[in-house]
Amino acid sequence: MFTAFAVVLSYVETLIPSPGILGVKIGLANFAVVLALYFLGYKEAILINIIRIIIIGFFFGNLFRIFFSIAGAVISFIAMAVLKRTNKVSMITVAIAGGVFHNLGQIVVACYIVDTYSVFVYLPVLIVSGVITGMIIGILSDIIYKRLKKFIYKSGM
């Protein structure tokens, strides 16, 4: 169910016009990944993310998009998993780290592919956008997580 949710969110994001800055996206699918991380666990969340990237990549992208997305997703997931494991930061902080590190991973891959460090000029913009979108995703994830957790606890699921 989380994989389907992530795929749908990725599709919805393809319908949203770009703000005109290369590489800046909302990261809607990270909403599903963050919730999966907290509800299901580490292995399940990374698997959901990788499957989502492959499905969306084949339908709406190409091999480069898949590589960029996987690089961002893996680095992002590592950062989120490390922060979550500490139990000292909020879900919002975890999601912000996910947004920032996703962009960092993509910049590193871009640097390698184009064989120049000049792509790092985009990094400040991508970090700011990662913080903003990560915060939005984190706030939404936190709200939904708390509400679903109450519902699950009440219903005995």
Any chance you could lay out the side chain to side chain contact (heavy atoms under 4.5 Å, CB included) test for Lys84 and Val89, step after step, and finish with the verdict?
CA-CA 7 Å; Lys84 182 187 179 296; Val89 297; over 6 Å; no
Leu40 and Ile48, any side-chain heavy atoms less than 4.5 Å apart:
yes
Does a side-chain heavy-atom distance below 4.5 Å link Thr133 with Lys25?
no
Check: Arg52/Asn49 side-chain N/O donor and acceptor closer than 3.5 Å
yes
Could you check whether Phe59 and Tyr11 have their ring centres less than 6.0 Å apart?
no
Identify whether [X] and [Y] are in the same connected component of the hydrophobic contact network (ILVMFWY, side-chain heavy atoms under 4.5 Å).
X      : Y      : result
Val109 : Ile56  : no
Val121 : Ile107 : yes
Tyr38  : Met80  : yes
Ile26  : Phe5   : yes
Phe67  : Ile51  : no

Minimum-distance pair of heavy atoms, taken over all atoms of [X] and [Y]:
X      : Y      : answer
Ser76  : Phe101 : CA-CB, 3.8 Å
Ala6   : Ala29  : O-CB, 3.8 Å
Ala71  : Gly105 : CB-O, 4.1 Å
Gly138 : Ala95  : CA-CB, 3.4 Å
Asp142 : Met91  : N-SD, 3.4 Å
Ala73  : Ile53  : CB-CD1, 3.4 Å

Examine Arg85 relative to Tyr42 and say whether NZ or CZ is less than 6.0 Å from the centre of the six-membered ring and inside a 45° cone about the ring axis.
yes
Look at the side chain of [X] and the backbone N and O of [Y], then say whether any donor-acceptor pair between them is shorter than 3.5 Å.
X      : Y      : value
Glu13  : Leu28  : yes
Asn103 : Leu126 : yes
Thr86  : Leu83  : yes
Asn30  : Val33  : no
Ser141 : Ile137 : yes
Glu44  : Ala36  : no

Parallel, tilted or perpendicular: which describes the rings of Phe39 and Tyr145, with under 30° parallel and over 60° perpendicular?
tilted
To the nearest 0.5 Å, tell me how far [X] [atom1] sits from [Y] [atom2].
X      : Y     : atom1 : atom2 : answer
Ile139 : Ser90 : CD1   : OG    : 9.0 Å
Ile50  : Ile55 : CD1   : CD1   : 12.0 Å
Phe2   : Leu37 : CZ    : CG    : 10.5 Å

Assess whether side chain to side chain contact (heavy atoms under 4.5 Å, CB included) is satisfied between Arg65 and Phe60, documenting all intermediate values.
CA-CA 9 Å; Arg65 180 175 174 169; Phe60 303 106; 4.0 Å; yes
Using a 6.0 Å cut-off, check whether atom OH of Tyr112 has over 12 heavy atoms from anything other than its own residue.
no
